[in-house]
Undergrad: 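Below: one structure in structure tokens.
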Amino acid sequence: MAEAKVAIVTGAGKGMGAAVLKKLAADGYRVAAMSPSGAAKTLAESLGGVGVTGSNAKPEDLKALVDATLDRYGRIDAVVNNTGHPPKGALLEISDEAWLTGFELVHLAVVRMVRLVTPVMLKQKTGGAFVNLLTYATFEPEADFPVSGPVRASVAAFAKVYADQYAAQGIRMNNVLPGFIDSLPAKEERVARIPMKRYGTVREIADTVAFLLSDQASYITGQNLRVDGGITRAL
């Protein structure tokens, strides 16, 4: 019988991250999770997994999560990089500090996690998969998300470079671009923009992530999958 796979999920204390963690555990993964509030640690432990309280923006917290995962399970097969929104505000009133916070929270968090986990996956010689949760506004930026769109676009570019470099070693990386999801209160003006006329559900995001991590998606890498009810217009 094959050994159960191990998955790390960051930002797993609530919303999409928590739904992903629960879905992966239900699918048979052994799980590890982190969030700043401690909710991810509680949830992971309730699922028989391991959790850490910490921030994506702190390299020492990311290392603590990876170390705890390896201490418990001895391997890592999948990583879901998820975080909340970085700072918002009027575009030209956003400070340098806020921009740097957003870049560290979103972009460098992915880079740092990949640095930690890639050597583990290479040593295992069984491949692995990353999924980065971004936003529909990655390629169609909006004023409501002035920092989030640009810094998540940088993650998309990084993901393509990474995916190309490690594809031959069996390590894949893809991005999921959610639209408006029911972890947030629905606003009529936003619902009106969505061809499906509803917010997506955290379950729909979790199902998509689980698919991209699975062997069913073994020939998919370096891609950006929009899960947005049709709100984006790009082909």
Side-chain angles (χ1 to χ4, degrees), residues 5 7-29 31-49 51 56 78-86 88 105-106 109-110 129-142 144-145 148-149 152 155-156 159 172-217 220 223-234:
K5 290 185 176 182
I8 289 176
V9 184
T10 64
K14 60 182 180 179
M16 292 183 289
V20 168
L21 189 69
K22 288 186 277 191
K23 168 64 175 172
L24 295 179
D27 285 353
Y29 285 85
V31 296
M34 182 177 76
S35 71
S37 67
K41 183 176 188 294
T42 299
L43 178 58
E45 290 173 352
S46 76
L47 297 169
N56 288 24
V79 176
V80 181
N81 290 304
N82 176 52
T83 188
H85 279 293
K88 300 179 182 180
L105 182 66
V106 177
V110 172
F130 293 87
V131 171
N132 306 313
L133 277 175
L134 303 182
T135 171
Y136 78 94
T138 297
F139 300 118
E140 296 187 15
E142 295 190 12
D144 284 348
F145 313 107
S148 180
R152 293 186 200 276
V155 175
R172 300 180 296 108
M173 180 179 286
N174 293 289
N175 304 313
V176 169
L177 280 55
F180 292 108
I181 304 301
D182 66 358
S183 51
L184 297 173
K187 294 183 179 180
E188 289 185 11
E189 62 272 23
R190 287 179 174 170
V191 172
R193 294 172 52 197
I194 304 169
M196 284 192 173
K197 301 305 177 189
R198 67 172 177 85
Y199 275 26
T201 67
V202 294
R203 179 190 59 78
E204 288 169 319
I205 299 301
D207 286 347
T208 303
V209 171
F211 165 70
L212 287 173
L213 293 176
S214 75
D215 291 340
Q216 292 175 302
I220 302 175
Q223 303 303 309
N224 298 284
L225 183 54
R226 296 172 174 87
V227 188
D228 62 5
I231 195 171
T232 49
R233 311 313 309 157

Undergrad: Nearest 0.5 Å, what's the CD1-CG distance between I8 and L21?
TA: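 One finds 11.0 Å between CD1 of I8 and CG of L21.
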Undergrad: Got more than 12 heavy atoms from elsewhere within 6.0 Å of CD, E189?
TA: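 Count over threshold, so yes.
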Undergrad: Quick one: are V80 and L213 in side-chain contact, heavy atoms under 4.5 Å?
TA: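 Touching, per the 4.5 Å side-chain cut-off.
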Undergrad: Can you name the nearest heavy-atom pair linking A109 to L105, along with the distance?
TA: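 Taking every non-hydrogen atom into account, CB-O, 3.2 Å.
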Undergrad: Decide yes or no for L133 and V209: does some side-chain heavy atom of the first lie under 4.5 Å from some side-chain heavy atom of the second?
TA: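 Of all side-chain heavy-atom pairs linking V209 with L133, at least one is under 4.5 Å.
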Undergrad: Can any side-chain N or O of R193 pair as donor or acceptor with the backbone N or O of I231 at less than 3.5 Å?
TA: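 Looks like no, no N/O pair under 3.5 Å.
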Undergrad: Looking at K41 and E45, is there a salt bridge between them, counting it only when a charged N and a carboxylate O are closer than 4.0 Å?
TA: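 Answer for the salt bridge query: yes.
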Undergrad: So which heavy atom on A156 is nearest to which on T138, and how close?
TA: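 Nearest heavy atoms, A156 then T138: CB-CG2, 4.2 Å.
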Undergrad: Taking the side chain as everything from C-beta on, heavy atoms only, tell me whether N174 gets closer than 4.5 Å to L225.
TA: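 Contact flag for N174/L225 side chains = no.
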Undergrad: Would you call N132 and M173 a side-chain contact if the rule is heavy atoms closer than 4.5 Å?
TA: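 With C-beta onward as the side chain, the pair touches.
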Undergrad: Applying side chain to side chain contact (heavy atoms under 4.5 Å, CB included) between V110 and each of N81, N56, T83, report the one that passes.
TA: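 Exactly one candidate clears the test, N81.
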Undergrad: In chain order, what residues pass the side chain to side chain contact (heavy atoms under 4.5 Å, CB included) check against A210, with sequence neighbours excluded?
TA: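 Side chain to side chain contact (heavy atoms under 4.5 Å, CB included) list for A210, sorted by chain: K23, L24, D27.
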Undergrad: Restricting to non-hydrogen atoms, name the atom on A78 and the atom on Y29 that form the minimum distance, rounded to 0.1 Å.
TA: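 Taking A78 first and Y29 second, the nearest heavy atoms are CB-CE2, 4.2 Å.
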Undergrad: Considering non-hydrogen atoms only, spot the tightest contact between P86 and R152 and give its length.
TA: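 Result for this residue pair: CD-NH2, 3.8 Å.
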Undergrad: State, yes or no, whether a side-chain contact exists between R226 and Y136 at a heavy-atom distance under 4.5 Å.
TA: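 No, side chains not in contact.
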Undergrad: To the nearest 0.5 Å, what is the distance between CG (N175) and CG (N224)?
TA: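 CG of N224 is found 4.5 Å from CG of N175.
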Undergrad: Does a side-chain heavy-atom distance below 4.5 Å link V31 with V9?
TA: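 The answer is no, as the side chains (C-beta and beyond) never meet within the 4.5 Å cut-off.
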Undergrad: Tell me if a side-chain donor or acceptor on T232 pairs with a main-chain N or O of A234 at a distance below 3.5 Å.
TA: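 Answer holds: no.
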Undergrad: Locate the shortest heavy-atom distance separating M16 from V202; write the atom from each residue and the value.
TA: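 Between these two residues, the closest heavy atoms are N-CG1, 3.9 Å.
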Undergrad: Salt bridge or not for R190 and E142, using N-O below 4.0 Å?
TA: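 No, no charged N to carboxylate O under 4.0 Å.
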Undergrad: Parallel, tilted or perpendicular: which fits the ring planes of F180 and F145, with parallel below 30° and perpendicular above 60°?
TA: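 The rings of F180 and F145 sit tilted, inter-plane angle from 30° to 60°.
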Undergrad: Would you check, one step at a time, whether the test side-chain contact (heavy atoms from CB on, under 4.5 Å) holds for K5 with D215?
TA: CA-CA 11 Å; K5 290 185 176 182; D215 291 340; 3.3 Å; yes
Undergrad: What's the spacing between Q223 CD and L177 CG if we round to 0.5 Å?
TA: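 These two atoms lie 11.5 Å from each other.
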Undergrad: Which heavy atom in H85 sits nearest to a heavy atom in S148, and how many Å separate them?
TA: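 That would be ND1-OG, 3.5 Å.
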Undergrad: Checking the side chain of R233 only, and the main-chain atoms of G230 only, is there a donor and an acceptor separated by less than 3.5 Å?
TA: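 Checking the backbone N and O of G230 against the side chain of R233, a donor-acceptor pair under 3.5 Å is found.
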